[in-house]
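Working notes for the structure below.
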Amino acid sequence: EVQLVESGGGLVQAGGSLRLSCAASGFTFGDYAIGWFRQAAGKEREGISYIIISDGSTYYADSVKGRFTISSDNAKNTVYLQMNSLKSADTATYYCAASNVPWLLRIWRFNSGGYRYWGQGTQVTVSS
């Protein structure tokens with residue numbers, strides 16, 4: 001059974017930090033890319049970062065570049081999203097997703113068609 005389980009969300013003050021985790025199971029981790037998305041209330045889902053597991057290459061949306069860092073622990077089949085300098089605009093439900101076409105993400109980036117499996121999400125609330 002494929003599972004993506006996010007954890008690490010919570011309530012934090014503006015300027016603070018959180019680290020989200022995405023634990024993957026049920027598929028060959030090294031063949032995939034893992035992306036992080038978020039969706040704020042009343043807004044469309046936004047792709048914010050991904051990492052290609054096989055070579056560690058990463059990509060960030062402009063909205064989080066320089067503040068968020070994505071990384072992976074391949075021994076644990078887990079991807080992390082370190083979020084620093086959090087703003088109220090970062091308040092959202094954060095989801096991780098697994099792409100089985102990592103070579104296409106250089107073109108597709110965060111196109112949902114490129115992501116095969118999705119987690120249930122974890123809530124991040126940033127208070128101002």
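Predicted, not measured: the structure shown is a model, and the values here were computed from it.
Electrostatic pairing of R109 and D62 does not count as a salt bridge here, judged by no charged N lying under 4.0 Å from a carboxylate O. Electrostatic pairing of K87 and D90 does not count as a salt bridge here, judged by no charged N lying under 4.0 Å from a carboxylate O.
Aromatic rings from F110 and Y50 are positioned such that their centres are separated by under 6.0 Å. Annotation: Y117 is in aromatic contact with F27 [ring centroid separation under 6.0 Å].
In this structure, W118 and F37 have tilted ring planes: the angle between them lies in the 30° to 60° band.
A 6.0 Å sphere centred on NZ of K76 holds no more than 12 heavy atoms belonging to other residues, nucleotides or ligands. For Q120, the CD atom is loosely surrounded, since the number of other residues' heavy atoms within 6.0 Å does not exceed 12.
The backbone N or O of F68 sits nowhere less than 3.5 Å from a side-chain atom of Q82 that would complete a donor-acceptor pair. A side-chain donor-acceptor contact under 3.5 Å links R67 to the backbone of S85. Of the possible polar contacts, one joining the S99 side chain to the G114 backbone as a donor-acceptor pair under 3.5 Å is found. For E46 (side chain) and R38 (main-chain N/O), no donor-acceptor pair under 3.5 Å exists by modelled atom type.
Both the sub-6.0 Å distance and the 45° axial angle are not jointly satisfied by R19 relative to the ring of W36.
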